[in-house]
**Q** 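Can you read through this structure? Questions will come right after.
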Protein chains: 2
Amino acid sequence: MAPKARNVTQREIARIAGVSQTTVSMVLNDRDGSNVRIPEATRERVKRAIEQSTYVADPAARRLAGLDNQIMGVFTYEAALSPESMDFYGPLLNGLERAAEQVGCDLLFFTSSPVEDGTRSLFHRKTRLRLADGCILLGQQMDGDDLKRLVDEEFPFVAVGRRDETTAKVPYVGIDYVSLTAELIARAAELGHREALYVHRGRNSPTARDRLQEIHTSNASGGPRFTLVDGVDTIVEDLARTGATLVFAEDAFLAEDVALALGKAGTVVPEQVSLTALGEVRGHRVNGHPLSGFQVPRQQVAAEALNLLQQLITTPSDEWAGLDTQLLLAGQLELGETLVGRA
Amino acid sequence: MAPKARNVTQREIARIAGVSQTTVSMVLNDRDGSNVRIPEATRERVKRAIEQSTYVADPAARRLAGLDNQIMGVFTYEAALSPESMDFYGPLLNGLERAAEQVGCDLLFFTSSPVEDGTRSLFHRKTRLRLADGCILLGQQMDGDDLKRLVDEEFPFVAVGRRDETTAKVPYVGIDYVSLTAELIARAAELGHREALYVHRGRNSPTARDRLQEIHTSNASGGPRFTLVDGVDTIVEDLARTGATLVFAEDAFLAEDVALALGKAGTVVPEQVSLTALGEVRGHRVNGHPLSGFQVPRQQVAAEALNLLQQLITTPSDEWAGLDTQLLLAGQLELGETLVGRA
DNA sequence: GCGAGACGCTAATACGTATTTTCAGATCAC
DNA sequence: GTGATCTGAAAATACGTATTAGCGTCTCGC
């Protein structure tokens with residue numbers, strides 16, 4: 001590497017102020033006790049020397065000496081800053097940035113982790129994970145082994161979204177999709193719907209399972225009866241075959257695809273069939289109608305995740321058991337105009 | 001699970017393999033020379049010990065030992081991840097992320113820097129700037145003193161956007177707004193426009209000055225004559241007073257404001273007056289017409305900036321003089337439909 | 001006048017890694 | 001057979017900061 005212009009160190013300051021490096025460190029950290037005492041005069045002298053130099057503490061050395069660095073890692077299983085993923089990651093990143101600013105920490109994005117099979121891998125030979133005090137994990141799907149290993153190593157981290165990929169107790173902050181889905185199903189029942197489709201993606205994430213669980217509960221308990229459909233290809237026939245009056249889509253984009261497919265076949269939402277997304281719907285419209293679904297506090301989730309992480313970092317790991325490390329935040333129904341009474 | 005899971009270190013590996021920490025380091029870094037020789041047998045033994053452990057090198061220690069870490073700092077003078085700033089920062093961040101992935105480096109966002117007077121300050125007592133190998137600077141306006149200090153300290157950094165806040169030779173990658181503006185003025189002249197307004201914001205950034213310079217050149221050299229207007233409040237009167245047939249706005253958002261203000265007064269774009277933005281116009285429309293202006297390669301700018309930074313880091317600072325550290329990338333005119341022949 | 005404690009500071013050490021130097025034993029040259 | 005070279009490895013050191021232990025000097029109490 002380049003023969004860097006040597007930096008100002010405590011030793012240099014010490015030389016100027018005519019004291020030892022230890023004293024400089026003590027002054028900088030405002031240490032004062034029974035075995036270490038520094039009179040105001042010396043303190044001032046050191047401080048002046050620091051002011052007149054361009055000294056800044058070397059974070060690597062601080063870290064090596066065992067102190068916190070206020071650096072939070074951010075690991076995303078997919079590219080986070082691309083235009084396509086902004087819809088999902090945008091609010092989360094925004095929440096993280098704001099919380100980080102408040103807490104006073106920097107964010108280290110692990111953009112270097114090699115991509116294998118379409119997702120980034122967290123642990124690899126040169127992982128820089130440990131440069132951070134802790135880490136936020138983002139992504140729709142996560143690797144259960146990664147999560148387990150992090151827990152085992154007692155590395156402070158918080159996942160965004162409920163996690164059940166491993167039996168290890170993973171700290172997370174997520175959204176309570178179970179309750180939201182249940183509420184929405186109840187609402188649909190009130191409106192007289194008895195037969196419905198649930199259109200989902202192949203994906204197998206915990207939040208997907210949460211929704212699915214309630215769908216199954218409804219089927220088993222005499223609520224509206226759902227037929228599961230994977231993708232929109234056969235949606236028109238499925239609708240005709242089951243006589244469904246309502247379609248639940250896993251998310252807003254899928255809902256838009258559904259509306260499009262139905263529209264092509266001459267079936268109009270919501271006049272002929274109701275449509276609802278089981279996800280954030282802000283900004284989504286179908287045939288000019290605001291889409292029915294959820295409002296989820298994504299920024300807040302991210303902010304809470306960072307706060308929880310901060311808590312883990314400042315708490316000795318043998319006291320983690322006493323912390324509430326699995327948070328589900330409540331979202332709210334967004335009634336919209338595409339879920340209406342049975343036609 | 002009670003015992004503290006201390007991190008695996010080279011010393012630990014050494015103990016297991018029955019060698020010294022030195023040897024472990026040598027194996028890890030594939031060192032082999034006249035001074036240091038390790039036979040394949042020992043090498044294998046160490047490697048196996050590493051494989052079976054969860055060892056990962058501590059980046060802080062590596063850094064302290066003088067190695068680079070493939071960590072690029074990202075400093076933004078304003079919040080970068082908020083929805084409002086996404087329009088400006090989004091493409092830049094995207095370009096950075098992709099380039100970082102290619103180069104194999106992580107991105108450290110300095111979100112902790114305290115905000116004073118609305119902008120973040122780069123240098124402060126606890127700045128973690130130096131934890132990064134180098135730094136990318138983003139923002140419309142930058143602090144000349146910051147830039148000068150970075151240059152003086154020979155810290156590797158690259159600014160995004162042309163910089164002239166200091167006489168120090170600041171490495172940057174920007175967009176050639178001078179040529180673009182000149183082209184657009186020439187185009188306007190071809191279309192017969194002789195009298196025009198230039199609507200700008202109070203802002204005083206280098207790119208703003210670049211555009212302004214060409215506006216003045218046009219005025220001085222017999223091109224279309226521009227009257228400068230600050231903000232849209234008096235736009236209607238200004239238009240009437242000067243008899244202008246064309247409005248240049250500093251950016252697309254300002255252009256939209258102009259169109260709105262004119263519309264309220266019954267003046268329609270582009271039928272009665274032409275309108276053009278001196279900035280990126282993708283996705284912007286005025287009265288249903290695609291806005292005329294520029295297409296600027298923001299992602300590419302960011303990617304080039306990261307590549308340049310990488311170059312600076314891997315080049316000894318006494319050879320920087322031989323590098324081409326000030327790049328202007330060419331954008332292209334987006335003709336759109338709001339710049340038409342003189343009415 | 002002499003031990004006890006207070007005072008003001010520093011030497012020594014630790015953190016984990018990379019490099020430079022050193023060293024013991026084997027082999028070679030003559 | 002003995003100085004020289006080669007081999008395989010470890011000891012010593014450096015990076016910059018934080019902490020712990022401890023040292024010399026002064027003052028107080030009796």
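A, B, ... follow the sequence lines: proteins, then strands. Residue 1 opens every chain.
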**Q** With no angle test and no hydrogens, is the base of dA11(C) tied to the side chain of Gln21(A) by a donor-acceptor pair under 3.5 Å?
**A** no

**Q** From the options dT10(C), dA9(D), dG8(C), select the nucleotide whose nearest atom is closest to the side chain of Thr23(A).
**A**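 Closest nucleotide to the Thr23(A) side chain: dT10(C).
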
**Q** Please classify the nucleic acid contact of Arg31(B) as base, sugar-phosphate, or nothing, using heavy-atom distances under 4.0 Å.
**A**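 Sugar-phosphate only.
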
**Q** When you get a sec, tell me which of dA9(D), dT17(C), dT17(D) is the closest nucleotide to the side chain of Arg62(A)?
**A** dT17(D)

**Q** Answer yes or no: side-chain N or O of Thr22(A) and base N or O of dA11(C) forming a donor-acceptor pair under 3.5 Å.
**A**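 Such a pair is found, so the answer is yes.
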
**Q** Under 4.0 angstrom, heavy atoms only, what part of the nucleic acid is Arg11(A) near: base, sugar-phosphate, or nothing?
**A** nothing

**Q** Among dA18(D), dG16(D), dA21(D), find the nucleotide with the atom closest to the side chain of Leu67(A).
**A**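 The answer is dA18(D), which lies nearest to the side chain.
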
**Q** Let me know which of Asp58(B), Asn69(B), Asp133(B) forms a side chain to side chain donor-acceptor pair (under 3.5 Å) with Arg63(B).
**A** Asp133(B)

**Q** Between Arg128(B) (CZ) and dG16(D) (P), how many Å, whole number?
**A** 19 Å

**Q** Under 4.0 angstrom, heavy atoms only, what part of the nucleic acid is Val24(A) near: base, sugar-phosphate, or nothing?
**A**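 Nothing, no nucleic acid heavy atom in range.
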
**Q** Using a cut-off of 6.0 Å, state whether more than 12 heavy atoms not belonging to Glu44(A) lie near its atom CD.
**A**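 More than 12 heavy atoms, drawn from other residues, nucleotides or ligands, come within 6.0 Å of this atom.
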
**Q** Taking only side-chain nitrogens and oxygens of Gln10(A), does any of them come within less than 4.0 Å of OP1 or OP2 of dA18(D)?
**A**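 Yes, within the criterion.
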
**Q** For the side chain of Ala61(A), starting at C-beta, report the closest nucleotide among dT10(C), dG16(D), dG16(C).
**A** dG16(D)

**Q** Using a cut-off of less than 4.0 Å, is there contact between a side-chain N or O of Ser25(A) and OP1 or OP2 of dT19(D)?
**A**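 So the side chain of Ser25(A) is outside the cut-off, no N or O lying under 4.0 Å from OP1 or OP2 of dT19(D).
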
